[in-house]
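Data first, discussion second: the structure below is written as structure tokens.
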Amino acid sequence: PAISSNSSIYRLDQLHSVKQQASDDDLEQYSLLLAMLGDQIRGLNLQTTMDELEVTMQSQLRFQQMQALLQDMCERAADVRERDAEHPFETPMMTRLLERCSRVHQLKKGEELREANTTDSLFIVRAGGVNFSREKDVYKILREGSSFGESDFIHQTISGQYTVSANTSPTTVLELPREAVSQVVNENPVLGARFYFTICQVIERGLRDALEATFPGTWSRKRKAFHNALTPLITSSGEGQSHNYSSRLSGGGESSPG
């Protein structure tokens with residue numbers, strides 16, 4: 001975005017918390033203290049730091065609006081950090097598959113990953129990050145641990161709808177050709193079942209993110225509240241289909257078709 005030279009830009013996932021500072025009634029000033037996470041290299045270690053930024057304004061209405069907005073953004077930032085901490089393809093079992101099937105692509109900042117729109121492979125960002133763009137407009141950013149190309153991989157298609165390029169140097173992307181993966185999972189059905197289960201988890205998370213972006217607050221947060229409210233009602237039932245449904249929710253015991 002176009003900003004002034006006095007402005008600063010922070011990533012959403014850096015936002016931690018916001019709190020109200022004591023206001024000055026004489027000057028009619030209202031202040032917010034915004035805490036942000038940062039990274040600092042100390043020796044050979046990368047440590048998380050906490051920085052604070054004070055925002056002052058004179059309009060009480062604007063102050064209340066800004067406080068509500070920043071609180072919502074801090075909650076979204078926590079969701080983003082939780083999501084980014086998940087690396088579904090970095091389990092010991094998945095590592096065995098990656099070691100046998102993956103091709104390594106080392107990219108410099110701005111370098112395009114041409115295989116992303118010319119093959120039906122699955123791709124995993126092992127280090128760094130990539131931008132998704134269409135007609136030079138970036139519409140999606142993936143960081144370390146994320147994957148893409150699941151739909152083309154499953155449906156054996158080549159969409160070619162976007163351009164993927166590295167947004168930092170160095171960036172490492174692993175490519176899993178579908179033919180190589182099929183050969184390995186056919187030899188090891190247990191590994192194959194785990195692999196496709198992991199893909200289902202990734203696709204389901206992508207659907208959750210899309211729903212949350214389209215209808216903010218109606219999926220992740222309300223789903224948790226709904227499940228917490230529903231579980232006591234189900235578990236309190238003594239018999240019948242409600243009991244079987246409770247068993248399926250908890251993942252334990254046998255259940256008959258309902």
Side-chain angles (χ1 to χ4, degrees), residues 1-16 36-51 53 73 76-91 94-153 158-178 180-181 198-199 202 205-206 209 213:
I3 60 173
S4 72
S5 58
N6 295 326
S7 300
S8 299
I9 296 180
Y10 298 94
R11 299 193 315 269
L12 174 65
D13 62 291
Q14 290 181 274
L15 302 182
H16 182 267
M36 294 168 296
L37 299 174
D39 295 327
Q40 182 176 5
I41 298 178
R42 295 183 179 179
L44 298 178
N45 298 321
L46 183 64
Q47 298 181 354
T48 300
T49 61
M50 186 77 73
D51 299 322
L53 175 67
M73 294 179 68
R76 290 170 52 198
D79 292 339
V80 171
R81 289 194 297 270
E82 181 180 357
R83 181 193 62 194
D84 288 347
E86 300 175 2
H87 295 174
F89 288 100
E90 294 187 6
T91 63
M94 290 298 97
T95 299
R96 291 165 50 192
L97 181 69
L98 297 180
E99 290 175 347
R100 293 188 57 181
C101 302
S102 62
R103 299 172 183 170
V104 181
H105 298 275
Q106 298 283 0
L107 305 174
K108 298 179 181 179
K109 184 176 181 179
E111 184 177 356
E112 180 181 344
L113 179 65
R114 300 188 181 278
E115 290 78 3
N117 54 18
T118 58
T119 68
D120 58 359
S121 300
L122 174 68
F123 299 90
I124 301 171
V125 183
R126 199 58 182 266
V130 296
N131 291 343
F132 284 67
S133 58
R134 185 181 293 117
E135 297 179 357
K136 298 184 179 181
D137 292 327
V138 176
Y139 67 91
K140 186 177 182 181
I141 298 175
L142 293 182
R143 291 193 286 272
E144 178 180 344
S146 302
S147 61
F148 59 95
E150 298 87 1
S151 180
D152 287 349
F153 183 90
I158 302 176
S159 60
Q161 298 291 327
Y162 47 77
T163 299
V164 179
S165 58
N167 58 29
T168 186
S169 295
T171 289
T172 303
V173 178
L174 302 183
E175 177 187 358
L176 274 70
R178 190 175 55 79
V181 173
T198 302
I199 286 186
V202 172
R205 186 181 69 177
D209 293 343

Ignoring hydrogens and angles, write down the donor-acceptor pairs under 3.5 Å from the side chains of residues 101-110, residues two or more places apart or on other chains.
{"unit_1": "Ser102", "atom_1": "OG", "unit_2": "Leu98", "atom_2": "O", "d": "2.5"}
{"unit_1": "His105", "atom_1": "NE2", "unit_2": "Glu175", "atom_2": "OE1", "d": "2.7"}
{"unit_1": "Gln106", "atom_1": "OE1", "unit_2": "Thr172", "atom_2": "OG1", "d": "2.9"}

How close do [X] and [Y] get, heavy atom to heavy atom, and via which atoms?
X      : Y      : value
Thr118 : Ile158 : O-CD1, 3.4 Å
Leu12  : Met73  : CD1-O, 3.6 Å
Ser121 : Pro177 : OG-CA, 3.4 Å
Ala116 : Val164 : CB-CG2, 3.7 Å
Thr171 : Gly128 : OG1-CA, 3.8 Å
Tyr139 : Arg134 : OH-NH2, 3.9 Å

Exercise. Yes or no on side chain to side chain contact (heavy atoms under 4.5 Å, CB included) for Asn167 and Ile141, after CA distance, side-chain angles and deciding distance?
Worked result: CA-CA 9 Å; Asn167 58 29; Ile141 298 175; 3.5 Å; yes

Could I get the full list of side chain to side chain donor-acceptor pair (under 3.5 Å) partners for [X], not counting sequence neighbours?
X      : answer
Glu150 : Ser147
Asn117 : none
Ser159 : Asp152

Restricting to salt bridge (charged side-chain N to carboxylate O under 4.0 Å, His left out), what partner residues turn up for [X], sequence neighbours left out?
X      : result
Arg205 : Glu86
Arg114 : Glu112
Arg100 : Glu187
Arg143 : Asp13, Asp84

For this session: Check the pair Arg126, Glu144 against side chain to side chain contact (heavy atoms under 4.5 Å, CB included), reporting the backbone distance first and the verdict last.
Result: CA-CA 5 Å; Arg126 199 58 182 266; Glu144 178 180 344; over 6 Å; no

For this session: Without swapping roles, check the side chain of Glu99 against the backbone of Arg96 for a donor-acceptor pair under 3.5 Å.
Result: no

Problem set entry | Main-chain N/O of Met94 paired with Thr91 side-chain donor or acceptor, under 3.5 Å |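 Yes, because the side chain of Thr91 sits within donor-acceptor range (under 3.5 Å) of the backbone of Met94.
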
If I take atom [atom1] from residue [X] and atom [atom2] from residue [Y], how far apart are they, to the nearest 0.5 angstrom?
X      : Y      : atom1 : atom2 : answer
Asp137 : Thr163 : CG    : OG1   : 11.0 Å
Ser169 : Glu111 : OG    : CD    : 8.5 Å
Ile124 : His87  : CD1   : NE2   : 11.0 Å

For this session: For residues Met50 and Leu37, determine if any side-chain heavy atom of one lies less than 4.5 Å from a side-chain heavy atom of the other.
Result: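 In contact.
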
For this session: Would you list the pairs meeting ring pair (Phe, Tyr, Trp, His ring centres under 6.0 Å) in which at least one residue belongs to residues 109-133, sequence neighbours left out?
Result: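 Residue pairs with at least one partner in residues 109-133: Phe123-Phe148, Phe132-Phe148, Phe132-Tyr162.
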
Problem set entry | With sequence neighbours excluded, residues passing side-chain contact (heavy atoms from CB on, under 4.5 Å) with Asp51 | Thr49

For this session: Can you sort out the partners of Pro88 under side-chain contact (heavy atoms from CB on, under 4.5 Å), two or more places apart, ordered by chain and number?
Result: Thr198, Val202

For this session: Could you tell me which residues satisfy ring pair (Phe, Tyr, Trp, His ring centres under 6.0 Å) with Phe89, sequence neighbours excluded, listed by chain and number?
Result: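 Phe89 satisfies ring pair (Phe, Tyr, Trp, His ring centres under 6.0 Å) with no other residue.
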
For this session: Would you please test Val181 and Leu122 for side chain to side chain contact (heavy atoms under 4.5 Å, CB included) and show each step?
Result: CA-CA 10 Å; Val181 173; Leu122 174 68; over 6 Å; no

